[in-house]
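We count ligands from 1, going down the list as the structure has it; atoms in each ligand are counted the same way. Just so it is clear, the model here is predicted, and its values are computed rather than measured.
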Amino acid sequence: MHRPTFSDAHLAARAWFLGRAAAAGLETRIDAAGNHSAILRSSSAEAPTLLLGSHLDTVPNGGRFDGALGVAAALEVLTATQDAHVDLPYTLEAIDFTDEEGTLVGLLGSQALTGSLTPDALQAPRGGRAALLAGLARAGLTETRLADARRDPRSMAGYLELHIEQGPVLEHERVDIGIVSAIVGSRAFNLTFEGVAGHAGTTPMDARRDAGLAAATFVVGVRETVVRDFPSCVATVGRVTLEPGAFNVIPGEAQVALEFRSADASQLDALEDALVMRAREAETLGHAVEIEPVGRWEPVPLDTTVRTAIARVARALGLSTVELPSGAGHDAQALAHVTPSGMIFVPSVDGLSHQPAERTAWDDCLNGAKVLLGATLELAGALPVSEPK
Ligand code: GLV
Ligand code: MN
Ligand code: MN
């Protein structure tokens with residue numbers, strides 16, 4: 001799957017989603033941040049909204065389940081509730097959030113909805129300012145209006161997200177359902193190492209200021225620092241671009257995409273300092289180094305009442321559960337700051353994700369969707385689930 005935010009494939013998937021919702025007779029809506037929703041209204045006009053969702057965008061060359069499972073299952077929960085003619089005290093909304101993966105900004109739609117999208121994030125987005133403006137224009141959105149997607153927290157009853165685990169724990173422990181305890185925080189930076197471009201044949205090895213070498217040294221240093229000093233963190237350099245990029249030219253500039261994550265905010269601060277220092281080591285060899293922050297998401301615990309409801313529902317369905325933190329970022333991370341939020345994980349085959357072999361067995365998808373439905377009813381007080389003795 002290759003559905004970067006606002007690509008043709010992404011817009012087609014979103015249109016598919018709204019088309020399915022409309023065909024089922026549900027109300028549809030696109031907000032000022034481009035979030036796409038299907039809505040099943042409660043008969044009570046003042047009923048707050050229980051949001052169910054995830055995202056339909058993907059990373060470059062990603063998998064079929066990351067995000068899409070949560071959106072498809074959310075839609076199914078609405079149609080199942082509608083088919084059963086159940087009138088809940090909550091309005092249900094299945095929502096496909098804009099740009100979860102960060103082609104442009106990361107959690108763009110969920111942050112706009114929760115009021116946490118900062119002007120800084122829009123000025124220095126990780127996909128670049130030009131790509132953001134072009135993408136918004138493609139989707140018919142306006143930067144100055146994005147904030148209009150913000151909702152009053154009192155209008156929301158909570159948020160539930162079904163998602164694949166994207167790691168090996170559930171499969172390894174042979175557990176059906178993961179209940180997410182917390183979501184890690186992450187930070188993203190664009191680094192630029194300047195060098196001196198030159199002839200690859202005539203410039204002696206000791207007379208070079210090779211920006212590619214500075215970047216490569218930094219990449220190795222990142223791993224060394226994290227493994228040695230920050231065992232609770234992970235860090236990744238996911239892209240290195242060398243300019244001008246030819247066999248026979250010494251790189252005059254290197255751009256490096258760095259991100260790192262931890263469940264512990266103080267560790268993120270300390271690791272940031274350590275990695276900035278590592279990057280600045282290149283200055284002693286005559287390289288100018290530019291470090292631009294392009295994303296910052298705080299770690300967040302998920303709501304204990306929602307976690308308990310998910311556990312009760314899973315047990316009533318005869319499914320085994322375990323609580324675990326999420327190393328991946330999710331829209332729930334934004335929602336959790338303003339409304340009780342919970343996440344349901346289902347196993348990933350071989351723990352693989354963010355690549356085409358990403359897979360979750362159909363039975364596991366079904367289990368997850370049933371728990372999503374059960375938790376929705378449970379939170380709406382419509383399904384007093386009795387614990388098996
Ligand atoms: C989103 O999938 C992320 O964790 O990068
Ligand atoms: Mn996802
Ligand atoms: Mn993802």
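Within the coordination shell of the Mn ion (ligand 2), defined by N, O or S atoms under 2.8 Å, H330 is absent. At a cut-off of 2.8 Å, E100 is not counted among the residues with an N, O or S atom near the Mn ion (ligand 2). Residue contacts to the Mn ion (ligand 3): H55 brings no N, O or S atom closer than 2.8 Å.
Near E100, with a cut-off below 4.0 Å to any heavy atom, the atoms of ligand 1 are 1 (C), 2 (O). Each of the following atoms of ligand 1 lies closer than 4.0 Å to a heavy atom of A328: 4 (O).
F6 places a side-chain heavy atom less than 4.5 Å from the side chain of L141. Between T192 and V289 the shortest side-chain heavy-atom distance does not fall below 4.5 Å. Side-chain contact check for E298 versus R187: some heavy-atom pair is nearer than 4.5 Å.
Residue, atom and distance of the protein heavy atom nearest to atom 5 (O) of ligand 1 are R261 NH2, 2.8 Å. Among all non-hydrogen protein atoms, the one lying nearest atom 1 (C) of ligand 1 is E101 OE1, 3.1 Å.
The pair E194-R209 does not count as a salt bridge, with every side-chain nitrogen at least 4.0 angstrom from each carboxylate oxygen. Ionic pairing of R154 and D152 is present here: one or more N-O contacts between side-chain nitrogen and carboxylate oxygen are shorter than 4.0 angstrom.
For an aromatic pair to be called close, the ring centres must be under 6.0 Å apart, and F218 with H287 fails this.
Under the side chain to side chain donor-acceptor pair (under 3.5 Å) rule, S110 has a single partner from T98, D331, D99, N35, which is D331.
Below 30°, between 30° and 60°, or above 60°: for F345 and H163 the angle between ring planes is between 30° and 60°, a tilted geometry.
Using 4.0 Å as the threshold, H330 has no heavy atom nearer than that to any atom of ligand 1. Between E259 and ligand 1 there is no heavy-atom distance shorter than 4.0 Å.
Angle OE1(E101) to the Mn ion (ligand 3) to NE2(H354): 90° [nearest 10 degrees].
The Mn ion (ligand 2) sits nearest to atom OD1 when only the N, O or S atoms of D66 are considered.
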